[in-house]
*Asks:* 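This is the structure, below, for whatever I ask next.
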Amino acid sequence: MILVTGGAGYIGTHVVRSLIRHGMDVVVYDRRPLPQPLLDGKPFLPVPFVVADLADRQALDETFEKYEFEAVIHLAGDIVVSESVAEPEKYYLNNVGGGMSLLAAMRRYGVMKIVFSSTAALFGLPERVPILEDDPVRPINPYGRTKWMFEQMLDDYDRAYGLKFVSLRYFNASGADSSGLIGEAHDPETHLIPLVLEVPLQKRPYVSIFGTDYDTPDGTAIRDYIHVSDLAEAHVLAVKYLRDASESRCYNLGNGRGHSVREVIATAEEVVGASIRTVETPRRPGDAERLIAGNERIINELSWKPNYNDLNVIVESAWRWHKGQN
Ligand SMILES: NC(=O)c1ccc[n+]([C@@H]2O[C@H](COP(=O)([O-])OP(=O)(O)OC[C@H]3O[C@@H](n4cnc5c(N)ncnc54)[C@H](O)[C@@H]3O)[C@@H](O)[C@H]2O)c1
């Protein structure tokens, strides 16, 4: 049995889907209910879920008492970088404090394996791309720092208590499950692909391009977009690795290829079949020019393989889901 915290969120629902497909038993723990779409009249994510906060010790204890967990996949957290700058306390309380509460419960119940949702934000403004796991970690906002703190806590728990962990440092999770039943919805939405697709859906008048004077071929920033289903599969591999792991590992998780903001918009225009209004604005402070994952470590060590690394396929899958929400 695998406990998935944050399993009701964008990435969490896709992770749950992958675990189910691989025959694993899952329990979701999230402060909001698990979405319940139907496929051919049957629940698409047929797993038990607990609606509770990580800070709720009693709910955590009841959950760990009720089920016997082999490992925890910890996705729960607050994720908006700009909000973390304005309200750091919220981020330290939830991403660090909530994480500590989870680790303490794991120790109380002897569950000593965890897969953690970390982030490329650990690397701040990197000196080179692709970014390798051992490149300098220098987060430049509270969000990134909370993730780095939790990774360091995992390291300390490994040394002192023998906890084994896999930290997956996601680059830009994007796209949606091929069923079109689950997809990306954040509130507020800050991710490029949904923001772009909300223009043709008339949910916003235009999409902003932050910075057109970067040292890149078209002047806009470059990111590594990884399909959420490929990202989800990495969690299955990480759980399997942890079954007899003697060593904890950190992996960068991206496609190893970058696309500019303008390329994403052009691809979306092609997929949607309409032009998408943009407004060019100055760079945002703290936005790196290029973030691209060096992904050889996870490919070599866990035999991870991206199946949907074409930007067109990623945007098409996102569009299918977004259209279905209207
Ligand atoms: N989306 C990305 O591109 C990206 C990139 C890097 C890392 N990540 C990390 O991946 C994880 C999931 O991201 P997402 O995009 O699916 O976000 P999301 O907001 O869709 O999902 C997060 C889920 O965690 C739950 N949650 C938050 N705090 C909680 C708490 N204290 N107790 C219980 N549940 C709580 C929320 O209700 C939500 O369902 C996060 O930890 C995020 O930092 C995401």
Side-chain angles (χ1 to χ4, degrees), residues 4 6-22 35 37 39 44-45 73 75 79 115 117-121 129-131 166 168-186 189-198 221-239 251-261 263-272 290-300 302-325:
V4 181
Y10 165 47
I11 298 171
T13 47
H14 289 81
V15 168
V16 170
R17 170 77 181 138
S18 282
L19 293 166
I20 294 170
R21 280 190 32 232
H22 286 270
L39 182 63
F44 184 64
L45 301 173
I73 299 180
L75 296 116
I79 70 160
V115 180
S117 299
S118 190
T119 169
V129 291
I131 304 167
V166 170
L168 298 174
R169 297 162 171 176
Y170 311 158
F171 282 61
N172 286 47
S174 47
D177 184 78
S178 57
S179 64
L181 293 174
I182 50 176
E184 182 167 17
H186 296 104
E189 190 53 78
T190 57
H191 293 91
L192 181 62
I193 293 176
L195 290 176
V196 170
L197 296 178
E198 282 175 11
I222 290 180
R223 295 289 178 271
D224 183 328
Y225 295 90
I226 167 172
H227 194 288
V228 66
S229 299
D230 285 335
L231 186 136
E233 285 294 300
H235 295 72
V236 175
L237 297 172
V239 166
Y251 296 107
N252 289 350
L253 189 50
N255 273 323
R257 292 211 320 240
H259 294 285
S260 72
V261 174
E263 273 181 87
V264 170
I265 295 167
T267 304
E269 288 182 325
E270 219 174 277
V271 167
V272 169
R290 292 166 203 256
L291 292 175
I292 300 172
N295 56 12
E296 288 80 11
R297 187 187 278 182
I298 189 161
I299 290 173
N300 293 336
L302 298 191
S303 305
W304 176 76
K305 191 167 72 61
N307 289 315
Y308 308 98
N309 54 5
D310 183 276
L311 185 61
N312 240 72
V313 173
I314 291 175
V315 176
E316 265 169 22
S317 70
W319 180 234
R320 192 174 320 125
W321 186 78
H322 277 275
K323 265 192 313 189
Q325 298 309 295

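This structure is a prediction, so every number in the text was calculated from the model and none was measured. In this chain, residues are counted from 1 in sequence order.
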*Asks:* Could you please spell out the steps behind the side-chain contact (heavy atoms from CB on, under 4.5 Å) verdict for L197 and W321?
*Replies:* CA-CA 10 Å; L197 296 178; W321 186 78; over 6 Å; no
*Asks:* Between G175 and V228, what is the shortest heavy-atom contact and its length?
*Replies:* O-CG1, 3.5 Å
*Asks:* Nearest 0.5 angstrom please: Y308 OH to N255 CG, how far?
*Replies:* 12.5 Å
*Asks:* Evaluate the side-chain contact (heavy atoms from CB on, under 4.5 Å) criterion for residues T267 and I314: first the C-alpha distance (whole Å), next the side-chain angles of each, then the deciding distance (0.1 Å), finally the verdict.
*Replies:* CA-CA 10 Å; T267 304; I314 291 175; over 6 Å; no
*Asks:* So, taking the atom named CD1 in I11 and the one named CD1 in I73, what distance separates them when rounded to the nearest 0.5 Å?
*Replies:* 12.0 Å
*Asks:* Could you walk me through whether Y251 and V166 pass the side-chain contact (heavy atoms from CB on, under 4.5 Å) test, one step at a time?
*Replies:* CA-CA 8 Å; Y251 296 107; V166 170; 3.7 Å; yes
*Asks:* Keeping the roles fixed (side chain from W304, backbone from A238), state whether a donor-acceptor pair exists under 3.5 Å.
*Replies:* no
*Asks:* Heavy-atom count check: over 12 atoms from other residues, nucleotides or ligands less than 6.0 Å from Y10 OH?
*Replies:* yes
*Asks:* Please name the pair of heavy atoms, one in V196 and one in A268, separated by the smallest distance, quoted to 0.1 Å.
*Replies:* CG1-CB, 3.5 Å
*Asks:* When rounded to the nearest 0.5 angstrom, what distance separates NE2 in H259 from CD1 in I292?
*Replies:* 9.0 Å
*Asks:* So, taking the atom named OG in S117 and the one named NE2 in H235, what distance separates them when rounded to the nearest 0.5 Å?
*Replies:* 4.5 Å
*Asks:* Work out which heavy atom in H227 is nearest to a heavy atom in S229; give both atom names and the distance.
*Replies:* ND1-N, 2.9 Å
*Asks:* What pair of heavy atoms forms the shortest contact from S178 to R320, and how long is it?
*Replies:* O-NH1, 3.0 Å
*Asks:* Distance only, no hydrogens: is a donor on one side chain within 3.5 Å (strictly under) of an acceptor on the other, for S174 and N172?
*Replies:* no
*Asks:* If you look at every heavy atom in S18 and A232, which pair is closest and at what distance?
*Replies:* OG-CB, 3.3 Å
*Asks:* Assess the residue pair R17 and L45 against the criterion (side-chain contact (heavy atoms from CB on, under 4.5 Å)); give the C-alpha distance rounded to whole Å, side-chain angles, the decisive distance to 0.1 Å, and a yes or no.
*Replies:* CA-CA 6 Å; R17 170 77 181 138; L45 301 173; 4.1 Å; yes
*Asks:* Pick one: which of I131, T119, L231 meets side chain to side chain contact (heavy atoms under 4.5 Å, CB included) with F171?
*Replies:* I131
*Asks:* Measure across G183 and A176 and return the closest heavy-atom pair with its distance rounded to 0.1 Å.
*Replies:* CA-CB, 3.9 Å
*Asks:* Is there a donor-acceptor contact under 3.5 Å linking the side chains of E233 and H22?
*Replies:* yes
*Asks:* Between S118 and R169, is there a donor-acceptor pair closer than 3.5 Å when you use the side chain of the first and the backbone of the second?
*Replies:* no
*Asks:* Taking the side chain as every heavy atom from C-beta outward, state whether D224 and L291 have any pair of such atoms under 4.5 Å apart.
*Replies:* no
*Asks:* Kindly say whether S179 contributes a backbone atom to a donor-acceptor pair with the side chain of D177 at under 3.5 angstrom?
*Replies:* yes
*Asks:* Under a 3.5 Å distance rule, please check whether E184 uses its side chain to pair with a backbone N or O of H186 as donor and acceptor.
*Replies:* no
*Asks:* Quick check for you: to the nearest 0.5 Å, what is the distance between D310 atom CG and E316 atom CD?
*Replies:* 8.0 Å
*Asks:* Quick check for you: to the nearest 0.5 Å, what is the distance between N252 atom CG and N295 atom CG?
*Replies:* 8.5 Å
